[in-house]
Protein chains: 2
Amino acid sequence: MSSTSWVTSANHPECDFPLANLPYGVFRRAGSSSIGHIGVAIGDQILDLHACAEQGLLADLPHPLVAACRADLLNPLMALGPAAWSALRRCVTALLDAEKACRETQGHVAPHLVSMRDAQMQLPARIGDFTDFYASIHHATRVGRLFRPENPLLPNYKYVPIAYHGRASSIVLSGEPVRRPWGQIKSRVNGAEFSPAQSLDYELEVGVFIGPDNALGESIPIAEAEDHIFGLCLLNDWSARDIQSWEYQPLGPFLAKNFATTISPWIVPLEALEPFRVPAFERPPGDPAPLPYLTSPAPECAGIDLTLEVFLESRQMRQMGTAPALLSRSNLRDLYWTLAQMVAHHASNGCNLRPGDLLATGTISGENEGSEGCLLEKRCTGEPLCLPTGELRTFLEDGDQVIFRAWSRLPTGEKIGFGTCAGTVVEAASAP
Amino acid sequence: MSSTSWVTSANHPECDFPLANLPYGVFRRAGSSSIGHIGVAIGDQILDLHACAEQGLLADLPHPLVAACRADLLNPLMALGPAAWSALRRCVTALLDAEKACRETQGHVAPHLVSMRDAQMQLPARIGDFTDFYASIHHATRVGRLFRPENPLLPNYKYVPIAYHGRASSIVLSGEPVRRPWGQIKSRVNGAEFSPAQSLDYELEVGVFIGPDNALGESIPIAEAEDHIFGLCLLNDWSARDIQSWEYQPLGPFLAKNFATTISPWIVPLEALEPFRVPAFERPPGDPAPLPYLTSPAPECAGIDLTLEVFLESRQMRQMGTAPALLSRSNLRDLYWTLAQMVAHHASNGCNLRPGDLLATGTISGENEGSEGCLLEKRCTGEPLCLPTGELRTFLEDGDQVIFRAWSRLPTGEKIGFGTCAGTVVEAASAP
């Protein structure tokens with residue numbers, strides 16, 4: 001039996017942000033020039049933690065935790081670790097729970113609720129480094145087939161959680177337009193030419209915000225890896241496939257990816273996802289076991305059952321009032337590598353992860369048709385995508401809005417949602 | 001005829017830091033817990049710009065520039081751009097010039113000189129993103145021959161200034177020990193095993209600190225690219241070759257590189273290198289011309305004549321008092337791509353560069369034997385390296401100190417030096 005909140009919008013069965021979720025974000029009241037405040041999403045409202053701290057509503061918490069709630073970004077809170085996060089979560093739950101919070105408490109808290117309509121979300125943290133993994137074997141295999149038909153999955157894939165460093169500066173928040181990039185594209189006539197990318201794609205991913213750091217030179221044992229995860233968001237790793245295929249050898253993707261990466265504004269704590277723990281991906285017979293440093297002490301609950309969806313809304317659909325079209329649906333549990341394996345691998349050479357660093361899973365695709373996490377993979381299925389308006393899509397067109405959603409739901413109906421991660425492609429800059 | 005400083009150590013012909021150099025760094029007085037101060041190297045002294053600002057010695061400069069000199073990192077100064085940097089340089093020159101600074105001025109300035117012996121250098125800036133290029137065609141060809149004998153230089157190399165994103169968190173200052181990383185290494189028996197890297201290497205590079213930013217979505221025309229360069233340092237891109245060769249496909253190097261990157265503490269302004277401008281690398285006949293967005297308006301002075309040297313000192317050499325051995329000498333002018341081309345390419349897709357971001361050239365190697373910028377390339381020459389002690393080296397051993405130096409010298413004898421970029425390999429952590 002799930003708890004209810006006196007913020008009644010949180011109790012609707014389709015609400016992404018019930019009392020059991022309580023994701024963190026940073027917001028400003030729309031139109032204000034004040035600095036960002038840390039907030040917690042509850043129903044269609046945001047509880048202003050900065051204001052709660054100022055008003056003494058968090059007074060039972062240790063001082064460093066209260067101070068972190070007054071920061072303008074989440075980095076200090078991320079640095080404090082799981083015990084502090086749990087304590088804050090219990091405290092916020094008590095303030096918002098219909099049964100735990102008495103009328104008087106509700107009266108004290110209510111003034112610090114800001115309607116999401118009146119808030120402007122910001123990037124939740126100063127992101128020091130951004131690392132993108134490649135953890136879906138289904139994605140790696142389909143894409144590999146296009147680039148290397150004879151050799152789709154490289155021999156290291158089942159041993160190494162493959163990853164590359166991405167760009168932190170161009171991470172933007174959901175809602176920011178994404179400009180079609182210019183870039184070098186291979187040309188049969190001239191070797192290469194410089195033009196707006198024609199093969200613009202999305203990649204459906206989950207972002208992982210790092211909590212406490214590890215010292216440079218010290219690894220993170222896999223048993224402790226999740227203690228370094230503050231929470232999860234949605235992430236769109238926009239990709240220009242024509243730039244990528246020309247530039248990516250031998251050092252990997254660069255300008256094909258670093259023009260923009262969109263994240264959703266709310267960071268869902270791992271604790272909120274506990275009810276959705278599932279076994280790690282079951283490796284097919286014959287696959288090597290993970291090396292010891294990547295072997296989870298509890299593989300039976302190392303995965304997370306999280307449904308992910310991609311929607312597309314073309315300009316024409318928007319004009320005609322047609323609802324965004326569902327392009328695919330996949331699940332975080334189908335990744336070959338778990339989040340803990342990604343963290344442990346990243347730090348296994350002593351690389352220091354810092355609070356606010358962002359990892360991402362790589363494109364999350366399933367095995368079957370309809371679960372491809374990017375348009376490039378859909379090419380494997382043959383026919384170009386047909387939208388409800390009759391428009392065809394091989395890659396993204398200007399005006400297309402890509403919308404990601406994600407949610408977990410218990411058999412009892414309780415849902416933990418991620419909100420949306422959305423971005424609209426705008427036309428390339430005029431010729432330089 | 002070069003100018004002389006009343007700080008007499010600056011006038012020695014072998015001094016890296018004469019009046020014509022004036023590189024920037026951030027330091028603390030050794031043993032003090034105070035915040036970092038911006039300083040300028042002059043001879044064996046550091047002029048404390050923070051103190052100069054406090055004492056009104058920079059009072060003729062605009063307020064934002066003086067405020068930037070009081071910051072604890074160089075990012076605010078980097079953001080101000082070339083006109084501000086020139087104004088500050090003129091002002092500091094006037095304070096330190098033996099002829100321009102009267103006795104009274106010298107008396108005001110002298111208390112703000114700190115001996116380098118009494119200073120502890122720090123990272124000069126908050127480095128948001130770190131990007132590593134691959135701009136030496138000699139390096140790319142030699143390394144390519146090892147990885148792909150049949151196909152050493154990939155078809156994109158002469159069109160695309162190849163680069164990848166590196167790790168910002170693990171950038172350390174010269175002098176910090178570098179721990180040998182653990183990592184996955186291909187094994188004939190078990191697929192892969194996890195062990196300390198055996199093939200540890202250095203890479204001789206120049207780092208490029210970015211000045212003013214460009215907005216996300218807007219490119220930087222190549223004619224303006226150098227206005228976005230604050231200055232240069234030395235950079236050692238430590239690389240574990242056995243980890244690299246196993247992990248690098250298809251997304252590029254990751255854990256093989258991100259365990260540590262060492263930079264030298266002093267950032268030499270581009271203005272100090274103006275006398276050493278030379279034509280850009282002359283492309284051999286038959287090579288494609290750079291695409292228009294990479295075509296310099298003034299190729300006759302797009303290169304910089306900067307000699308770079310690698311020295312190695314083993315533990316045994318240190319114990320025996322043997323001087324570090326010169327392993328190789330190369331020159332920045334031999335890069336296939338200029339610094340301006342790197343900046344213009346990086347921003348060509350609208351990727352935003354921010355003040356304090358760090359680019360690096362990639363390993364700087366020459367064409368001839370003795371100019372290889374890393375040990376991996378020396379393998380091409382056959383024999384393992386023999387140190388003066390008789391010790392042999394294929395790759396780095398624990399206790400080895402790698403030292404980079406760089407300098408330009410005019411026919412008149414005037415020298416602009418970079419100081420040193422040094423790091424000593426320490427043994428791997430105990431088994432996890």
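All values derive from a computational prediction rather than experimental measurement.
Put simply, of B:Thr131, B:Asp132, B:Leu154, B:Val178, the one with the most heavy-atom pairs under 4.5 Å next to chain A is B:Leu154. In terms of non-hydrogen atom pairs under 4.5 Å with chain A, the most contact-rich of B:Gly144, B:Ala140, B:Pro221, B:Gly166 is B:Gly166. Ranked by non-hydrogen atom pairs under 4.5 Å with chain B, the options A:Glu176, A:Arg354, A:Lys186, A:Arg179 are led by A:Arg354. With respect to chain A, the highest number of heavy-atom pairs below 4.5 Å among B:Gly128, B:Gly350, B:Ala163 belongs to B:Ala163. Ranked by heavy-atom pairs under 4.5 Å with chain A, the first of B:Pro196, B:Ala192, B:Pro292 is B:Ala192. Contact count versus chain A (heavy atoms, under 4.5 Å) is highest, among B:Pro253, B:Ala260, B:Ala428, for B:Pro253. When the candidates B:Tyr248, B:Tyr134, B:Phe130 are compared by the number of heavy-atom contacts under 4.5 Å with chain A, B:Tyr134 comes out ahead.
Within the 4.5 angstrom heavy-atom criterion, only side-chain atoms of B:Val172, from C-beta onward, approach chain A. For A:Ile243, no part sits under 4.5 Å from any heavy atom of chain B, backbone or side chain. Neither the backbone nor the side chain of A:Asp213 comes within contact range of chain B; no heavy atoms are under 4.5 Å apart.
By the neighbour-count criterion of 12 heavy atoms within 6.0 Å, atom CD of B:Glu193 is densely surrounded, having more than that number from other residues, nucleotides or ligands.
The two residues B:Pro250 and A:Arg148 come nearest to each other via the heavy atoms CB-NH1, 3.9 Å. The two residues A:Gln249 and B:Ile162 have their closest heavy-atom pair at O-CD1, 3.8 Å. Taking every heavy atom of both residues into account, A:Leu216 and B:Ser170 meet most closely at CD1-CB, 3.6 Å. Of all the heavy atoms in B:Gly217 and A:Ala429, the pair that sits closest is O-CB, 4.5 Å. The shortest non-hydrogen separation linking B:Gln184 to A:Pro161 is NE2-CD, 4.4 Å. For the residue pair A:Val160 and B:Glu247, the shortest heavy atom distance occurs at CG1-CB, 4.4 Å.
Aromatic rings of A:Trp182 and B:Tyr293 (six-membered ring for Trp) have centroids beyond the 6.0 Å cut-off, not under it.
Aromatic ring pairs are classed by plane angle as parallel below 30°, tilted from 30° to 60° and perpendicular above 60°; the pair B:Phe254 and A:His165 is tilted.
Panel note: side chain A:Asp129, backbone B:Ala168; a donor-acceptor pair is recorded below 3.5 Å. For A:Asn156 (side chain) and B:Trp246 (main-chain N/O), a donor-acceptor pair under 3.5 Å exists by modelled atom type.
Taking CG of A:Asn349 as the start and CG of B:Asn258 as the end, the distance is 5.0 Å to the nearest 0.5 Å. Atom OG in A:Ser348 sits 5.0 Å away from atom CG in B:Leu255 (nearest 0.5 Å). Atom CD1 of residue B:Ile210 and atom OG of residue A:Ser169 lie 10.5 Å apart, to the nearest 0.5 angstrom. B:Phe259 CZ to A:Asn352 CG: the interatomic distance, rounded to the nearest 0.5 Å, is 12.5 Å. One distance of note links OG of A:Ser195 with CG of B:Leu291; it measures 10.5 Å at 0.5 Å rounding.
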